[in-house]
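Nothing fancy with the numbering, it's 1 onward along the sequence.
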Amino acid sequence: MLDGILQTQPALPPSPPTAPAAGEADLFSSGFFLRLGFSFMVGLAVGYALKVAFKIALVVGGVLLVLLFSLQYSGIIEVNWAGMESNYDSFVDWLTAYSGALKDFIADNLSSAASFTAGLLLGLRF
């Protein structure tokens, strides 16, 4: 009864392995990284370190905030949120001022800064 309904498909032969794309093989070769220069390598290392540090800081900060919320909810502590907001605002102002100084420093050293920035962006991506 099921013989007419169920039909078996012939097995397909295995496909041959595909070669990597032209740019893909060049990107991850050791010679490619050796030709990039010191600024790129430093940028790559800094970018990867920043990515890991940001993740750790977000987890730790999140755990601390949950701890603060729970301690305030249970009545053990009283948190001055207005004071925290003013400290946060002053930190953002400081960071804005110094990010402008960083931008000026990069503009003054543009020849190696372009390579460093490329490495930094690639390090943040991986």
Side-chain angles (χ1 to χ4, degrees):
M1 180 171 172
L2 293 176
D3 293 333
I5 297 173
L6 297 176
Q7 297 177 356
T8 59
Q9 296 288 333
L12 297 174
S15 61
T18 60
E24 189 177 316
D26 295 338
L27 180 62
F28 294 106
S29 68
S30 62
F32 177 73
F33 283 114
L34 291 176
R35 287 188 306 241
L36 289 175
F38 182 72
S39 296
F40 182 84
M41 290 304 192
V42 170
L44 185 69
V46 168
Y48 186 75
L50 283 175
K51 179 181 174 182
V52 171
F54 285 151
K55 285 182 180 182
I56 291 171
L58 285 175
V59 168
V60 169
V63 168
L64 287 175
L65 282 175
V66 167
L67 182 65
L68 278 175
F69 290 143
S70 62
L71 289 174
Q72 183 179 9
Y73 181 76
S74 63
I76 296 175
I77 63 170
E78 184 63 36
V79 179
N80 181 6
W81 295 109
M84 287 183 106
E85 184 178 359
S86 68
N87 285 336
Y88 175 77
D89 289 340
S90 66
F91 173 73
V92 168
D93 292 339
W94 174 83
L95 190 61
T96 303
Y98 280 100
S99 66
L102 178 64
K103 181 180 165 187
D104 292 339
F105 175 75
I106 289 175
D108 291 341
N109 300 308
L110 191 57
S111 62
S112 62
S115 181
F116 176 82
T117 304
L120 180 72
L121 293 176
L122 190 63
L124 288 173
R125 183 172 179 201
F126 289 114

Smallest separation among heavy atoms of Leu124 and Lys51, with atom names: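 So the minimum-distance heavy-atom pair works out to O-CD, 3.2 Å.
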Could you give the distance from [atom1] ([X]) to [atom2] ([Y]), rounded to the nearest 0.5 Å?
X: Ile77; Y: Leu67; atom1: CD1; atom2: CG; answer: 7.0 Å
X: Leu120; Y: Tyr48; atom1: CG; atom2: OH; answer: 14.5 Å
X: Ser99; Y: Trp94; atom1: OG; atom2: CH2; answer: 9.5 Å
X: Leu44; Y: Arg125; atom1: CG; atom2: CZ; answer: 12.5 Å

Give the cluster check for [X] versus [Y]: same hydrophobic cluster or not, with ILVMFWY residues linked at side-chain heavy-atom distances below 4.5 Å.
X: Phe54; Y: Val46; result: yes
X: Val59; Y: Phe69; result: no
X: Ile56; Y: Leu64; result: yes
X: Ile76; Y: Trp81; result: yes

Should Leu71 and Val79 count as side-chain neighbours, where that means a heavy-atom distance under 4.5 Å?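 Heavy-atom side-chain distance check fails, nothing below 4.5 Å.
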Not counting sequence neighbours, which residues clear ring pair (Phe, Tyr, Trp, His ring centres under 6.0 Å) with Tyr73? List them please.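 In terms of ring pair (Phe, Tyr, Trp, His ring centres under 6.0 Å), with neighbours along the sequence ignored, Tyr73 is linked to no residue.
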